[in-house]
Amino acid sequence: MARTMSEDVLSHLGLSTTDDLVGMFKDVKFVCCGGSATRMENFAKFILKKLSSSHLKIDLPTEQNLRNICRTDRYVMYKVGPVLSISHGMGMPSMSIMLNEVIKLIRYATCTDVVFIRIGTSGGLGLAPGSVVITGEAVNYEFKPIYQLPVLGHMRSWQTTLSRDVAEAIKACALPDDGYDVVINKTMATDDFYEGQGRLDGALCDYTEEDKMDYLKEAYRNGVRNIEMESTCFASITSRANIKAAVVCVTFLDRLHGDQVTATKETVQQWQERPQQLVARYILKCLEEPQGMK
Ligand code: R2B
Ligand code: URA
């Protein structure tokens with residue numbers, strides 16, 4: 001951290017160093033994040049059920065006591081024993097603010113060996129909708145593994161390193177009967193959902209279907225299998241902070257066949273649970289066999 005302060009306000013979380021951060025968070029080992037507040041509340045309830053029905057002796061809240069710890073309406077954050085479930089909103093600015101504050105939070109709380117996992121949604125490339133992509137490498141719009149941000153008037157670039165071990169360990173949690181594919185491949189992160197992802201169905205568009213297909217096919221040839229809006233930022237910030245991290249996203253459609261998510265609400269709901277299932281199994285395995293995992 002660049003400065004010393006008598007009080008540090010984590011303003012978007014609504015927490016500060018005047019709170020008992022050590023008492024509240026010291027046992028955190030997994031920070032799981034996803035774009036939507038409701039999805040992360042559901043993940044907190046889901047992991048609570050899984051941890052409650054395990055043999056592990058962990059101090060857990062009851063479902064009635066499970067509360068949003070954020071004191072602003074920017075993000076939601078739930079703590080379930082060693083797991084923090086937090087929303088990050090859409091896009092890299094929102095992700096970056098959450099990560100800066102949560103990384104400070106776990107440092108103030110003196111947490112050790114924390115793994116960060118983004119549990120997200122995405123558009124697939126050449127995969128059956130509902131497939132899960134674990135990010136092997138997070139790339140930008142030129143298919144390069146970098147995250148860029150202008151700082152003090154200069155464009156800065158950082159590598160987007162993720163933990164291959166964590167990715168493989170999560171993939172190993174897929175079961176033959178799950179009924180969906182899980183692959184480790186490249187994920188492209190963009191700064192927009194519409195033109196930034198080559199869609200034709202935004203309010204604005206000044207290219208053709210052919211231009212779009214040329215770009216998406218080039219992305220596919222470069223190994224990209226899904227497109228979302230946060231992975232390069234997430235990978236670069238966590239790796240600069242020496243935190244092991246992984247990105248696990250379900251795909252809502254195959255972008256080689258269209259732009260709109262036409263699956264029903266119920267189907268989308270079921271698909272969204274797939275990364276949660278895999279990550280919950282991974283967390284349970286880590287807690288049950290700590291020497292073999294992470
Ligand atoms: C996936 O879904 C959101 C856009 O719909 C965005 O946050 C992302 O990465
Ligand atoms: N999220 C994205 O960023 N893109 C998609 O196509 C679907 C979900």
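Note that ligands are numbered from 1 as they come in the structure, with each ligand's atoms numbered from 1 the same way. Treat the numbers as computed from the prediction; the structure is a model and nothing was measured.
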> Looking at Tyr220 versus Tyr215, is the centre-to-centre ring distance below 6.0 Å?
Replying inline: no
Return a table of N or O atom pairs, ligand 1 on one side and protein on the other, at distances under 3.5 Å, rounded to 0.1 Å.
unit_1	atom_1	unit_2	atom_2	d
ligand 1	2 (O)	Thr121	OG1	3.1
ligand 1	7 (O)	Glu230	OE2	2.7
ligand 1	9 (O)	Arg118	NH2	3.3
ligand 1	9 (O)	Met229	N	2.8
ligand 1	9 (O)	Glu230	OE1	2.5
ligand 1	9 (O)	Glu230	OE2	3.4

> Quick one: do the Asn68 and Tyr78 side chains pair a donor with an acceptor below 3.5 Å?
Replying inline: no
> Are Asn226 and Thr187 linked by a side-chain donor-acceptor pair shorter than 3.5 Å?
Replying inline: yes
>> So, taking the atom named CG in Leu15 and the one named CE in Met77, what distance separates them when rounded to the nearest 0.5 Å?
In response: 5.0 Å
> Which class fits the ring pair Phe234 and Phe116: parallel under 30°, tilted 30 to 60°, perpendicular over 60°?
Replying inline: tilted
Is any side-chain N of the basic residue among [X] and [Y] closer than 4.0 Å to the acidic one's carboxylate O?
X	Y	answer
Asp181	Arg225	no
Asp113	Lys244	no
Arg71	Asp19	yes
Asp192	Arg199	no

Polar pairs, ligand 2 vs protein, N/O only, below 3.5 Å.
unit_1	atom_1	unit_2	atom_2	d
ligand 2	3 (O)	Gln197	NE2	2.9
ligand 2	4 (N)	Gln197	OE1	2.8
ligand 2	6 (O)	Gly123	N	3.4
ligand 2	6 (O)	Arg199	NH1	3.4
ligand 2	6 (O)	Arg199	NH2	2.6

